[in-house]
Amino acid sequence: MPLRCSELRGSAGLTFCGELAVAVRPGGILRGDRYFCEVHRKPSDAPIPIGQVFECVRVELAVEIAGVVMGSGIARTEAVARLSAALERLGAVVDVQQVTSRQVQNAAIPRLGGENPVSANPE
(Lines give C-alpha, C1' and ligand atoms only; values in the text may rest on other atoms or scores of the structure.)
Protein backbone atom coordinates (compact mmCIF):
# COMPACT_ATOMS: atom_id res chain seq x y z
CA MET A 1 0.00 0.00 0.00
CA PRO A 2 1.55 3.34 -0.97
CA LEU A 3 2.01 5.93 1.75
CA ARG A 4 0.61 9.45 1.30
CA CYS A 5 2.07 12.94 1.73
CA SER A 6 1.37 14.54 5.11
CA GLU A 7 2.16 18.14 4.11
CA LEU A 8 -0.50 20.45 5.58
CA ARG A 9 -2.28 22.70 3.08
CA GLY A 10 -3.38 26.06 4.41
CA SER A 11 -4.08 26.92 8.02
CA ALA A 12 -7.78 26.07 8.19
CA GLY A 13 -8.74 22.53 9.15
CA LEU A 14 -6.90 19.30 8.54
CA THR A 15 -6.26 19.43 4.82
CA PHE A 16 -3.23 17.45 3.71
CA CYS A 17 -1.56 17.05 0.32
CA GLY A 18 -2.34 13.31 0.21
CA GLU A 19 -0.36 12.57 -2.98
CA LEU A 20 1.76 9.42 -3.06
CA ALA A 21 4.77 9.76 -0.76
CA VAL A 22 8.36 8.99 -1.72
CA ALA A 23 10.27 10.20 1.36
CA VAL A 24 10.14 9.93 5.15
CA ARG A 25 11.00 12.58 7.74
CA PRO A 26 11.75 11.23 11.22
CA GLY A 27 9.30 12.33 13.89
CA GLY A 28 9.86 13.15 17.52
CA ILE A 29 8.50 11.74 20.77
CA LEU A 30 5.08 13.36 20.34
CA ARG A 31 4.69 12.75 16.62
CA GLY A 32 5.64 9.79 14.46
CA ASP A 33 7.46 9.82 11.16
CA ARG A 34 5.90 11.88 8.39
CA TYR A 35 5.84 11.10 4.68
CA PHE A 36 6.20 13.47 1.73
CA CYS A 37 5.70 13.49 -2.04
CA GLU A 38 8.28 14.73 -4.57
CA VAL A 39 6.89 18.28 -4.35
CA HIS A 40 7.02 18.56 -0.54
CA ARG A 41 10.10 16.52 0.34
CA LYS A 42 13.16 18.27 1.76
CA PRO A 43 16.76 17.40 0.82
CA SER A 44 17.23 15.92 4.31
CA ASP A 45 14.29 13.50 3.93
CA ALA A 46 15.17 9.86 3.29
CA PRO A 47 13.62 7.42 0.82
CA ILE A 48 10.86 5.35 2.44
CA PRO A 49 12.40 2.00 3.42
CA ILE A 50 10.65 -1.33 2.92
CA GLY A 51 8.97 -2.34 6.18
CA GLN A 52 8.20 1.25 7.25
CA VAL A 53 5.48 1.27 9.92
CA PHE A 54 2.52 3.54 9.16
CA GLU A 55 -1.13 4.07 10.11
CA CYS A 56 -3.51 2.09 7.89
CA VAL A 57 -7.08 3.41 7.91
CA ARG A 58 -9.92 1.06 6.95
CA VAL A 59 -13.16 2.68 5.82
CA GLU A 60 -16.24 0.55 5.30
CA LEU A 61 -18.97 2.28 3.35
CA ALA A 62 -21.90 1.63 1.08
CA VAL A 63 -21.79 3.33 -2.30
CA GLU A 64 -24.61 3.48 -4.82
CA ILE A 65 -23.92 4.55 -8.39
CA ALA A 66 -26.17 4.46 -11.44
CA GLY A 67 -25.45 1.57 -13.78
CA VAL A 68 -24.37 2.55 -17.28
CA VAL A 69 -26.72 -0.05 -18.83
CA MET A 70 -29.67 -2.18 -17.80
CA GLY A 71 -28.44 -5.64 -16.90
CA SER A 72 -26.80 -6.34 -13.59
CA GLY A 73 -23.66 -8.13 -14.86
CA ILE A 74 -22.29 -5.36 -17.06
CA ALA A 75 -23.59 -2.59 -14.78
CA ARG A 76 -21.91 -4.12 -11.72
CA THR A 77 -18.63 -4.86 -13.50
CA GLU A 78 -18.34 -1.32 -14.89
CA ALA A 79 -19.29 0.32 -11.58
CA VAL A 80 -16.71 -1.70 -9.60
CA ALA A 81 -14.01 -0.94 -12.17
CA ARG A 82 -14.80 2.80 -12.15
CA LEU A 83 -14.91 3.08 -8.34
CA SER A 84 -11.80 0.93 -7.87
CA ALA A 85 -9.82 3.05 -10.32
CA ALA A 86 -10.85 6.27 -8.55
CA LEU A 87 -9.89 4.91 -5.12
CA GLU A 88 -6.60 3.42 -6.34
CA ARG A 89 -5.59 6.85 -7.71
CA LEU A 90 -5.84 8.02 -4.07
CA GLY A 91 -3.51 5.25 -2.95
CA ALA A 92 -6.25 2.97 -1.62
CA VAL A 93 -6.14 -0.80 -1.77
CA VAL A 94 -9.59 -1.96 -2.85
CA ASP A 95 -10.97 -5.29 -1.65
CA VAL A 96 -14.47 -5.73 -3.03
CA GLN A 97 -16.57 -7.78 -0.62
CA GLN A 98 -20.01 -7.72 -2.18
CA VAL A 99 -21.75 -6.09 -5.15
CA THR A 100 -25.50 -5.91 -5.58
CA SER A 101 -27.79 -3.97 -7.85
CA ARG A 102 -31.48 -3.28 -8.21
CA GLN A 103 -33.70 -1.48 -10.65
CA VAL A 104 -35.08 1.83 -9.36
CA GLN A 105 -36.78 4.94 -10.73
CA ASN A 106 -35.19 8.34 -10.58
CA ALA A 107 -37.21 11.17 -9.05
CA ALA A 108 -35.69 14.06 -11.02
CA ILE A 109 -33.00 14.70 -13.59
CA PRO A 110 -30.74 17.54 -12.41
CA ARG A 111 -29.86 20.20 -14.98
CA LEU A 112 -26.30 21.39 -15.49
CA GLY A 113 -25.41 24.11 -13.00
CA GLY A 114 -27.81 22.77 -10.38
CA GLU A 115 -30.79 24.72 -11.68
CA ASN A 116 -34.39 23.55 -11.29
CA PRO A 117 -34.51 19.78 -11.80
CA VAL A 118 -36.68 18.45 -14.61
CA SER A 119 -39.29 15.96 -13.47
CA ALA A 120 -38.75 12.46 -14.80
CA ASN A 121 -42.54 12.09 -15.07
CA PRO A 122 -43.87 15.40 -16.42
CA GLU A 123 -47.61 16.00 -15.96
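By convention here, the first residue in the shown sequence is residue 1.
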4.5 Å side-chain heavy-atom contact, Glu19 and Val39: no
Side-chain touch Phe16/Arg4, heavy atoms, less than 4.5 angstrom: no
Spell out, yes or no, whether [X] and [Y] are grouped together once hydrophobic residues are joined by side-chain heavy atoms under 4.5 Å, including indirect joins.
X	Y	result
Val94	Leu83	no
Val96	Leu87	yes
Met1	Leu3	yes
Val57	Phe54	no

Where [X] and [Y] come nearest, the two heavy atoms and their spacing:
X	Y	result
Tyr35	Ile48	CD2-CD1, 4.2 Å
Arg9	Cys17	NE-CA, 3.6 Å
Cys5	Phe36	SG-CA, 3.7 Å
Thr100	Arg76	C-NE, 3.8 Å
Pro47	Val24	O-CG1, 3.8 Å
Arg34	Ser6	NH2-O, 3.0 Å

Other residues, nucleotides, ligands: >12 heavy atoms within 6.0 Å of Ile50 CD1: no
Ile65 CD1: over 12 foreign heavy atoms closer than 6.0 Å: yes
Residue pairs fulfilling side-chain hydrogen bond (donor to acceptor under 3.5 Å, both in side chains) with at least one residue in residues 36-46, sequence neighbours excluded: Arg25-Asp45
